[in-house]
Amino acid sequence: MTVLRSTLDPAGADAVAAREAMLEALAGIGAETAKAVAGGGAQAVARHQARGKMTARERIELLLDLDAHFLELGALAGYGSPFAVGGSVVAGIGVVSGVECLIVANDPTVKGGASNPWSLRKTLRMHEIALRNRLPLIALVESGGADLPTQKDVFIPGGAVFRDLTRLSAAGIPTIALVFGNSTAGGAYLPGMSDHVVMIEKRSKVFLAGPPLVKAATGEESDDESLGGAEMHARVSGLADHFAIDEPDAIRIGRRIVARLNWHKDGPAPTPAQPPRFPAEDLLSIVPPGLKSPFDPREVIARIVDDSDFDEVKPLYGTSLVTGWARLHGYPVGILANAQGVLFSAEAQKAAQFIQLANRSHTPLLFLHNTTGYMVGKEYEQGGIIKHGAMMINAVSNSTVPHVSVLIGNSYGAGHYGMCGRAYDPRFVFAWPSARSAVMGAQQLADVTYLVSKASAMARGKPFDEDGAQVVRTMIEQQITAESMPLVLSGMVYDDGIIDPRDTRDVLGVALSAIHSAPVQGTDAFGVFRM
Ligand code: COA
């Protein structure tokens with residue numbers, strides 16, 4: 001075995017400064033996460049509980065196996081939007097009756113659980129995770145349906161929610177709906193499209209139109225119970241497979257349904273493994289504040305892989321990218337980690353070869369991002385940097401082993417793509433609070449904008465307002481700096497969550513375990529590589 005060594009001195013000035021900056025960033029993210037946990041706020045929660053109902057998080061807690069893990073996903077969806085942080089949905093991977101499931105729960109304390117554009121994005125991402133990793137999907141339903149004021153943003157794309165449910169079912173992945181309350185209009189297709197449906201006496205309301213709308217449409221007099229109550233659906237329409245007497249009973253039945261699925265992961269469960277030889281606490285002290293200087297990703301790898309054991313491949317070639325093999329909670333992984341920030345031709349070629357090797361050995365890949373992109377300049381263009389970057393992007397696009405990305409530091413430009421950014425379908429993508437991502441650095445982008453506007457004015461023979469252009473340059477730099485922050489990107493559901501660096505190993509362990517619910521299969525069918 002090859003045990004990594006560390007030169008990190010946690011008491012050194014640089015490490016202390018890095019730790020302070022990371023803790024400060026974590027506190028900011030913690031404050032936003034607390035907002036998501038608070039749901040619709042104390043008043044709405046009290047009103048909900050006064051009706052004898054559990055909150056979305058209490059329902060999930062009761063559904064999970066005792067002391068089982070729950071990896072919350074997309075907790076910060078909607079940050080920076082006019083909507084509540086969290087997207088009125090609580091979602092994540094948890095263990096129910098011994099089975100890893102994807103759980104999606106409406107939060108009825110946030111605008112009646114209505115689905116806004118961020119709820120929709122988050123829900124669709126959860127469906128994608130369930131489908132690609134073959135995780136049974138459990139929906140805890142109680143929602144006012146589409147958020148009516150933003151219906152134009154949710155109605156047409158929102159059809160995919162119901163499409164996904166039946167596609168999951170067609171792929172043999174069980175879908176279970178526990179209906180705790182309102183599930184009307186389009187929402188009625190949540191149970192309608194699920195394999196297993198549980199409804200609760202006097203609580204579940206599932207109809208295409210409620211009594212007022214029915215009266216307006218056909219003149220018929222009706223009431224909630226006869227139109228869509230649990231008893232009616234259990235005895236008459238047959239939409240409910242199970243009739244629960246209260247919320248705990250519905251959850252109990254949900255757990256029994258999962259227990260009877262006879263569900264097996266395709267791959268192994270996590271195995272007991274040697275922990276890393278260096279403390280996870282050190283992970284706070286590695287990334288320099290403001291990403292002003294590079295750091296050695298081996299310091300990170302040494303603190304997340306089993307026994308800090310890492311067999312590096314091509315360590316002397318393309319040294320700005322570290323590639324090698326390790327195990328993480330017993331699962332084999334190939335790791336690609338940026339070292340000096342910039343990707344040159346050699347790094348791109350090395351990455352393409354390594355990705356091919358991982359596909360030959362059916363080994364999942366972990367990308368640790370800290371890149372400012374591919375190298376620019378005459379020497380590098382003439383040396384074929386476009387061809388070589390394309391080769392890496394080709395490899396990452398066509399690779400069929402599961403990929404997981406962690407944005408640790410910079411993740412800019414095409415380097416973000418080559419390192420399996422969100423558009424390259426990583427099974428999971430997480431960010432550290434220190435991550436930054438954009439088409440290019442804020443200062444460079446502001447400079448480019450300034451230079452382009454100046455050149456344009458010159459070319460047209462127009463006077464150039466230097467002072468005005470400097471103001472615009474500063475504003476653009478501030479805007480791009482703000483947009484590159486992980487909270488903003490997580491708010492847009494461009495990742496599956498911002499994680500505490502100390503949790504990286506365990507978060508990746510849960511992700512790898514979920515990944516092994518589905519077959520792990522490499523390929524040799526890549527696009528034509530430009531050599
Ligand atoms: N879109 C936007 N906002 C909605 C909403 C929707 N679909 N459903 C509820 N809300 C809002 C309410 O306006 C209210 O907002 P406020 O707190 O700012 O006043 C908040 O959510 C709580 O609603 P309220 O009716 O007071 O809560 P409730 O728990 O008594 O009832 C519902 C919840 C969902 C049963 C009820 O609001 C309802 O019937 N909504 C409409 C359902 C519907 O017909 N949807 C069709 C969509 S396809």
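Position 1 is the first residue of the sequence, and the numbers go up from there. As the structure lists them, so they are numbered: ligands from 1, and atoms in each ligand from 1.
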query = Is atom 46 (C) of ligand 1 less than 4.0 angstrom from some protein heavy atom?
reply =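 There is a protein heavy atom less than 4.0 Å from atom 46 (C) of ligand 1.
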ask   = Can you find a protein heavy atom under 4.0 Å from atom 18 (O) of ligand 1?
value = yes
key: Within-4.5 Å side-chain heavy-atom neighbours: V333 and L512   = yes
query = Is there side-chain contact between P211 and L227, with heavy atoms separated by less than 4.5 Å?
reply = yes
Judging by distance only, is a nitrogen or oxygen of [X] under 3.5 angstrom from one on ligand 1?
X	answer
A185	no
A114	no
G186	no
L148	yes

How far is [atom] from the closest protein heavy atom, and which atom is that?
atom	result
atom 22 (C) of ligand 1	G112 N, 3.9 Å
atom 4 (C) of ligand 1	K111 O, 3.8 Å
atom 39 (O) of ligand 1	N182 ND2, 4.3 Å
atom 44 (O) of ligand 1	T184 OG1, 3.9 Å
atom 30 (O) of ligand 1	R51 NH2, 2.9 Å
atom 40 (N) of ligand 1	G144 CA, 4.4 Å
atom 2 (C) of ligand 1	D147 OD1, 3.2 Å

ask   = Does R473 count as lying over the ring of Y450, i.e. NZ or CZ under 6.0 Å from the six-ring centre, within 45 degrees of the axis?
value = yes
message = Against the six-membered ring of F180, is R59 placed for a cation-pi contact (under 6.0 Å from the centre, within 45° of the normal)?
response = yes
Check whether the side chains of [X] and [Y] place a donor and an acceptor atom closer than 3.5 Å, and report yes or no.
X	Y	answer
S513	E100	yes
S88	W118	no
S405	H369	yes

query = Any salt bridge between D266 and R134, counting N to O under 4.0 Å?
reply =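 No, this pair does not count.
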ask   = Is the shortest side-chain N to carboxylate O distance from D107 to R57 below 4.0 Å?
value = no
ask   = Are any of the heavy atoms in R47 under 4.0 Å away from ligand 1?
value =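 The answer is yes: ligand 1 sits under 4.0 Å from a heavy atom of R47.
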